Amino acid sequence: MAVQETAPRILIVYTGGTIGMTEDLSTGALVPFSFDHLMKNVPKIGRLGYALDHVELTPPIDSSNMNPDTWAKVAKMIADAYDRFDGFVVLHGTDTMAYTASALSFMLPGLAKPVILTGSQLPIGEIREDGTENLITALQIAAARTEDGAPMVQEVAISFGRHLWRGNRATKVSSTNFGAFESFNYPPLADMDLHIVYRQKLLARPPVGVALAPDYAMDDAVSVAFLFPGITEAVLRPQLTAPGVKAVVLRTFGAGNAPTDTWFTELVAEAVQAGKVIVNVTQCPAGGVEEKRYATGDALARAGVVSGLDMTCEAALTKLMHLLGHGLTAAEVAAAMGKSLAGELTVGE
């Protein structure tokens, strides 16, 4: 199909991942391949009639190697091309896709166009794979418009399987299921069956008159500490008091609960008093932290721990990196964690 003059202009940003991988015949392992491989194996893309272009990381990487510097490269690829394209599709490995989606949501304030991340569980080119449908659907979402001609999606989102999720609300829940992602605390932005049905009231919209203001600053001096029954001071102390760590996401039980042993509460208070930001995020996939609900959670709040409310761990971690990247004080970071910057939490939206 010929591309029409008014065809949607979509930039595909290829970072790597299973969707574009091929088998190394000498080892049998999957290795990153190239964008040309994708286009060759998905000829149906041409039938969409879109004006497509692409950029790619050189070389493409496994998503396990993602880091803040690479997030900045991807964000810059989008920002540099922002005025020339109507939408963006980021092809990404599934393992860290939710981290990248969260990071990009903070790096691209003022976003008013779709940035759709997708990938696959099986490589395109396999006899039975999910990459072709995921890629075509992501392109269609990136091209979708409202009745008045505005982009239907104006935020960072993950399109995978049968749903479109807000990027900083999603998490990977399966290593094998074709519906690998879910968002437990925010409904899907769209459902993809015979038709793509958007839930327009749930879609983010930037304030009127606000332009894209790319913001690449990230500080990786953060850590995650996972609580478990029987955890000891010898195990936890190095995680909370490490000299190079400025903030810690503390994965707690239930509604934000933790041990009440004296050593634990004193250690947490000590870390906070030393200037570290500690954010309480539940280990539960659904729900959030309610520190005042139980005495154990209330003790953390009195020690100076910040509630992560209903944020995912991915969102809390990348949000901390974003805030710390601007040289904010611990108190300023703590205050900002309770405010919605990009729709990542319910309170404050």
Side-chain angles (χ1 to χ4, degrees), residues 63 66 71 74-75 88-90 92-119 134 137-138 141-142 151-174 177 179-192 196-206 224 249 251 255-256 279-290 306-323 336-349:
S63 73
M66 275 290 167
W71 293 333
V74 174
F88 304 86
V89 171
V90 179
H92 196 289
T94 59
D95 287 347
T96 61
M97 187 183 293
Y99 289 94
T100 296
S102 295
L104 291 178
S105 76
F106 300 125
M107 288 179 153
L108 298 170
L111 183 68
K113 296 180 180 181
V115 173
I116 311 301
L117 282 77
T118 196
N134 284 347
T137 301
I141 291 170
M152 178 65 74
V153 178
Q154 301 181 34
E155 58 182 292
V156 179
I158 290 177
S159 174
F160 212 95
R162 292 289 181 262
H163 299 289
L164 179 71
W165 307 108
R166 175 164 293 169
N168 56 29
R169 292 287 197 144
T171 193
K172 185 176 180 181
V173 296
S174 175
N177 196 304
F181 291 85
E182 287 194 34
S183 169
F184 294 96
N185 289 329
Y186 200 79
L189 304 179
D191 302 305
M192 289 89 79
I196 301 175
V197 180
Y198 296 94
R199 303 182 182 189
Q200 295 195 40
K201 292 183 179 180
L202 299 176
L203 295 170
R205 292 292 181 260
V224 178
V249 176
R251 302 298 307 276
V279 179
N280 185 352
V281 173
T282 177
Q283 297 174 18
C284 298
V289 169
E290 300 177 46
V306 179
S307 173
L309 301 169
D310 63 350
M311 280 187 286
T312 64
C313 179
E314 296 94 331
L317 189 75
T318 53
K319 186 175 181 178
L320 282 170
M321 290 179 175
H322 168 74
L323 295 171
M337 286 301 291
K339 300 176 182 178
S340 177
L341 303 183
E344 73 280 1
L345 53 81
T346 301
V347 174
E349 287 192 282

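A quick note: this is a predicted structure, and the numbers were derived from the prediction, not measured.
- Closest of all the heavy-atom pairs between M97 and G119 is CE-N, 3.7 Å.
- In this structure the side chain of V173 never reaches within 4.5 angstrom of the side chain of P285, judged on heavy atoms.
- No side-chain heavy atom of T346 sits less than 4.5 Å from a side-chain heavy atom of Y186.
- Listed for the R251 side chain is a donor-acceptor partner under 3.5 Å among the backbone atoms of T282.
- Contacts of T137 classified as side-chain hydrogen bond (donor to acceptor under 3.5 Å, both in side chains), with partners at least two apart in sequence or in another chain: none.
- The two residues P188 and D191 make their nearest non-hydrogen contact at CG-OD1, 3.7 Å.
- Minimum heavy-atom separation, D310 to G287: CB-O, 3.8 Å.
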Could you give me the CA-CA distance, side-chain angles and deciding distance for M337 and K319, then say whether side chain to side chain contact (heavy atoms under 4.5 Å, CB included) is met? CA-CA 8 Å; M337 286 301 291; K319 186 175 181 178; 3.8 Å; yes
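- For R162, the salt bridge (Lys or Arg N to Asp or Glu O under 4.0 Å) test picks out E133, D193, with sequence neighbours left out.
- There is no side-chain donor-acceptor pair under 3.5 Å between E344 and S102.
- Under the salt bridge (Lys or Arg N to Asp or Glu O under 4.0 Å) criterion, K172 pairs with D95, sequence neighbours left out.
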Do F160 and N134 pass the side chain to side chain contact (heavy atoms under 4.5 Å, CB included) test, and can you show the C-alpha distance, the side-chain angles, and the key distance before you say yes or no? CA-CA 6 Å; F160 212 95; N134 284 347; 3.8 Å; yes
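- For E155, the salt bridge (Lys or Arg N to Asp or Glu O under 4.0 Å) partners two or more places apart in sequence, or in a different chain, are R166.
- Between I141 and Y198, the closest side-chain pair of non-hydrogen atoms falls below 4.5 Å.
- Within the 4.5 Å cutoff, the side chain of M152 has heavy atoms near those of the Q200 side chain.
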Can H163 and S183 be said to form a side chain to side chain contact (heavy atoms under 4.5 Å, CB included), step by step? CA-CA 10 Å; H163 299 289; S183 169; over 6 Å; no
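- For the pair R205/L203, a side-chain contact is recorded, criterion being any heavy-atom separation below 4.5 Å from C-beta on.
- For T118 against A138, the heavy-atom pair with the smallest separation is CG2-CB, 3.7 Å.
- Between the CG atom of L117 and the OG atom of S63 there is a distance of 11.0 Å, given to the nearest 0.5 Å.
- Residues passing the side-chain hydrogen bond (donor to acceptor under 3.5 Å, both in side chains) test with S105 are N168, sequence neighbours excluded.
- Contact detail for M192 and G161: the closest heavy-atom pair is CE-O, 3.8 Å.
- Partners of H92 by side-chain hydrogen bond (donor to acceptor under 3.5 Å, both in side chains), not counting sequence neighbours, listed by chain and number: T100.
- Closest of all the heavy-atom pairs between A315 and F106 is O-CE1, 3.7 Å.
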Set out, in order, the CA-CA distance, both residues' side-chain angles and the distance that settles side chain to side chain contact (heavy atoms under 4.5 Å, CB included) for T171 and E182, then state yes or no. CA-CA 6 Å; T171 193; E182 287 194 34; 5.5 Å; no
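- Judged by distance alone, the side chain of T96 and the main-chain N or O of Y99 form no donor-acceptor pair under 3.5 Å.
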